[in-house]
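Shown next, in structure tokens, is the structure this report addresses.
Just follow the structure's listing: the first ligand is 1, and inside any ligand the first atom is 1.
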Amino acid sequence: MIEEPELNPAIVGATLTTRWLGRAYRYRPAVDSTNDQMKRWAAEGASHGSVLLADYQSAGRGRLDRRWDAPPGTALLLSVLLRPSGWPAERGAWLTMLAGLGAAEAIEAVTGLPARLKWPNDVLLGEGETWRKAGGLLLDAALDADGGLETAILGIGLNVNIPAGALPVAATPATSLLVALGRPVARRALLVELLARLERHYEAADAGQSPAGAWAARLVTLGRVVDVTAAGRAPLAGTAEGVDEWGRLLVRDAAGQLHAVAAGDVTLRGR
Ligand code: BTN
């Protein structure tokens, strides 16, 4: 992939439409993980809304300690630092919701492709009848002494121009915008749109408006029969009936009992 200057600070800074999100911005050709780099920058005093983006990660992290890989220059790999003032820890789930909404809306705005979400943190693109994973979100949060959210590092990885042959092989089949659209997508346009949407959603949430309804409306998981697996709990099968304010998936089993699932892997039955 050709080295693109399009994600350099000067060019991104001139294109951003946000007021505060991404106004402090670092671009790195290669890092271990943008979330880990952001953690270091946060310790040095990075401000609320700082963004760190890399063209390549040698140790990109996915949920549940999995790897997150993309060839250099083919993806959007970024971490957003938020210092939510007065947010209780439970509201951390809202941040994943906001990022999912922002990512799905940005993809739709830039490509015209319909984008959906899979509980808890996958960004999906439709290919015919099936939905494939085009991105993922990883929240690393730290609490203050009172149990409130002190810092939240929101990692966002979107498979933008990854060719079919280089897509990761994973439990949820992967795709990229390139594969789904049939042509490459400008990463800067997508980044600018993503940050604009995320800023808007964050401000609404900071004013007390829950993103859970809008998030639930984009989840392909709801209404489906699912299998849930999670470390330390018995496998669960049932119908995903909804989500709650804390982002937990509400699954009703065959005996009619409702389970609130906070973390785990979900497989959709059928299709
Ligand atoms: C998942 O689907 O399991 C979450 C993937 C999150 C990947 C992004 S890429 C940018 C940021 N830095 C990381 O190391 N991980 C997240």
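For the pair D122 and R63, the salt-bridge criterion is not met [side-chain N within less than 4.0 Å of a carboxylate O].
The nearest heavy-atom contact from the protein to atom 3 (O) of ligand 1 is R63 N, 2.6 Å. At the top of the distance list for atom 16 (C) of ligand 1, counting protein heavy atoms only, stands R61 O, 3.8 Å. The nearest protein atom to atom 13 (C) of ligand 1, hydrogens excluded, is given as Q57 OE1, 3.3 Å; this is a heavy-atom distance. Ranking the protein heavy atoms by distance from atom 2 (O) of ligand 1 puts K133 NZ, 2.6 Å first. Of the protein's non-hydrogen atoms, the one nearest atom 4 (C) of ligand 1 is L137 O, 3.5 Å. Nearest protein heavy-atom neighbour of atom 11 (C) of ligand 1: T34 OG1, 3.2 Å. For atom 8 (C) of ligand 1, the nearest non-hydrogen atom of the protein is G157 N, 3.7 Å.
Near N35, with a cut-off below 4.0 Å to any heavy atom, the atoms of ligand 1 are 11 (C), 12 (N). The ligand atoms of ligand 1 that sit less than 4.0 angstrom from a heavy atom of I156 are 8 (C), 9 (S), 10 (C). For ligand 1, the atoms closer than 4.0 angstrom to any heavy atom of G62 are 1 (C), 3 (O), 4 (C), 5 (C). Listed by number with element, the atoms of ligand 1 under 4.0 Å from a non-hydrogen atom of G60 are 14 (O).
With a 4.0 Å heavy-atom cut-off, ligand 1 is reached by no atom of L64. For D36, no heavy-atom contact with ligand 1 is shorter than 4.0 Å.
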Between R218 and E108, does the salt bridge (charged side-chain N to carboxylate O under 4.0 Å, His left out) criterion hold? Intermediate values first, please. CA-CA 12 Å; R218 282 200 182 258; E108 290 184 347; 3.0 Å; yes
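In this structure, the side chains of I162 and P71 come closer than 4.5 Å at one or more pairs of heavy atoms. At a threshold of 4.5 Å between non-hydrogen side-chain atoms, the residues V228 and V251 count as touching. Side-chain contact between V192 and R188 is present, with heavy atoms from C-beta onward closer than 4.5 Å.
Separation of atoms CD (Q37) and OG (S79) is listed at 9.5 Å; rounding is to 0.5 Å. One distance of note links CZ of R61 with CZ of R67; it measures 12.0 Å at 0.5 Å rounding.
Both the sub-6.0 Å distance and the 45° axial angle are satisfied by R91 relative to the ring of W94.
Residue contacts with ligand 1: W68 is placed with no nitrogen or oxygen under 3.5 Å of a nitrogen or oxygen of the ligand (distance criterion only).
Residue contacts with ligand 1: R66 is excluded, as none of its non-hydrogen atoms falls under 4.0 Å.
Here the two rings, on W87 and Y202, have centers that are under 6.0 Å apart.
Residue-environment remark: CD (Q209) stays at or below the threshold of 12 foreign heavy atoms within 6.0 Å.
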